[in-house]
Number of protein chains: 2
Amino acid sequence: MMEADVQTETKTQEKRGRKASKELRQMQLIEATIDSLAKRGYAETTLADVADGAGLSRGIVNFHFESKDKLLVATLQHMADEYANHWTAQLEAAGDDPARQLWALVAADFDRRICTRRKLAAWCAFWGEAKSRPTYQALCGARDERYQQTFVSLCVTLKADGGYGFDAEGMALSLCAMMEGLWLRLMLGDGLTRETAYAAAVEFVVAAFPRHFTHAGVLENGRS
Amino acid sequence: MMEADVQTETKTQEKRGRKASKELRQMQLIEATIDSLAKRGYAETTLADVADGAGLSRGIVNFHFESKDKLLVATLQHMADEYANHWTAQLEAAGDDPARQLWALVAADFDRRICTRRKLAAWCAFWGEAKSRPTYQALCGARDERYQQTFVSLCVTLKADGGYGFDAEGMALSLCAMMEGLWLRLMLGDGLTRETAYAAAVEFVVAAFPRHFTHAGVLENGRS
DNA sequence: ATTTATTGAATGAATGTTCAGTCAGTATGT
DNA sequence: ACATACTGACTGAACATTCATTCAATAAAT
């Protein structure tokens, strides 16, 4: 899963670079943590399992991270950063057209790199503990803050442009919620595939913004 | 939380009825388990906490349920039953009109009795462990099976009636996912209220079925 | 030689499970 | 009526296990 990266790093960085090796170990342990969360769930994730998964010794986690708790926080932080970086990049790559931007954001959530069983399972594990752990809640919430605002802005713009009757904030909220709900279902299994989930999301976006999208993609009309 | 029921039961059943007392205890323990899940999360829920919450002794759970695991399964089963009973009842109360039925199902998910912080938190706790516990997965999935099919049927009917262009299965999936996603957000806090979440769901439904609903409710036209 | 990374056995706290005993309520015998 | 035996819910201390954490010893790099 992350062995490939480790191998690469080993070849390129092994001889020189004590500092780099340290960060490498931390990444290695974080990836092993995600594996364990996905395989055994939050409650059954043990440091022993993480260490085994990384092919290292038992005490290693407490050396690189101070405690199990900090390892988990670092793992969630890592996932939150990765997620934010991804949608931000996709948003910028979409150019200036709001319709294209919204389309890109929806697609970003179902990107192969982000929308993995493994990572969805890890997200869900943290969600399950978030209510009783303020730190998790903050990191899960921080994920939403900018994301949600971006959606609201796009809905406001598209509403004005297309003359839709919906409330922009409500629509933005239901859109975001729908995608998270699809993630949840993907994780729960049920034979739902990433493609099917993406298709369902598209279905709704097309229904909500009929003057901007079809199932084939973004409509090319400027404005009325 | 459930003390009221206990008192009632005590008055009506205490003298006679050893059997009834047993089921009462089990319910009491299940409610205490939901409390603990909501307050401390799945990972931190201990039998001691459950027993304390129920005001009973430490060994009580292993007496009424065989193990911690079975207590948790019984708790999830209880919640799943309650949920299914609720939406089934609301569906039947809605009469024969598909539009009214869909409207009722959406409203049911945000009903005061079902959509409690406490219960949402417990659901989410189980979701977080579902991937690694086939038993949980089955119970969470069973919840979906009939529910999902009902939504698909309604979408098919309304599509034919309203001449909508969406794919019915995709729309049904995105609808269900949206409501689960809203539950998730409700649980994560963020100052989102049940009313706001419900409004967002309505926004979605109105946008998707414009010939059947407005923000005010179900449109009264028969067909074209 | 010194610093740094790593190991793995030891430790102790947390907690699920067991079980011998307590006690109320109920039936049985006188 | 009264005493006795019995049943079954309930208790709480003892036990066993799991697991995060610590740390002295070791290996590796500079």
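Chain identifiers are assigned alphabetically (A, B, ...) following the order of the sequence lines, protein sequences preceding nucleic acid strands; residue numbering begins at 1 within each chain.
Annotation: Phe204(B) is not in aromatic contact with Phe209(B) [ring centroid separation under 6.0 Å not met]. Taking the six-membered ring for Trp and the full ring otherwise, Tyr83(A) and Tyr147(A) have centroids separated by under 6.0 Å.
Between Arg25(B) atom CZ and dT11(D) atom C1' there is a gap of 12 Å when expressed in whole angstrom units.
In summary, Glu44(B) and Arg133(A) engage in a salt bridge, as defined by a charged side-chain N under 4.0 Å from a carboxylate O. In this structure, Arg118(A) pairs ionically with Glu31(A), as a charged nitrogen and a carboxylate oxygen lie closer than 4.0 Å. In this structure, Arg58(B) pairs ionically with Asp52(B), as a charged nitrogen and a carboxylate oxygen lie closer than 4.0 Å.
Among residues two or more places apart in sequence or in another chain, the side-chain hydrogen bond (donor to acceptor under 3.5 Å, both in side chains) test is passed with Tyr136(A) by Tyr42(A).
Here Lys22(B) reaches the OP1 or OP2 of dA9(D): one of its side-chain N or O atoms lies under 4.0 Å away.
Near DNA chain C, meaning a heavy atom under 4.0 Å from it, residues 55-72 of chain A has Leu56(A), Ser57(A), Gly59(A), Ile60(A), Phe63(A), His64(A) in order of number. Near DNA chain C, meaning a heavy atom under 4.0 Å from it, residues 39-50 of chain A has no residue at all.
Between Tyr198(B) and Phe110(B), the ring planes are tilted. Angles from 30° to 60° get that label.
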Check the pair Ser153(A), Thr150(A) against side-chain hydrogen bond (donor to acceptor under 3.5 Å, both in side chains), reporting the backbone distance first and the verdict last. CA-CA 5 Å; Ser153(A) 301; Thr150(A) 306; over 6 Å; no
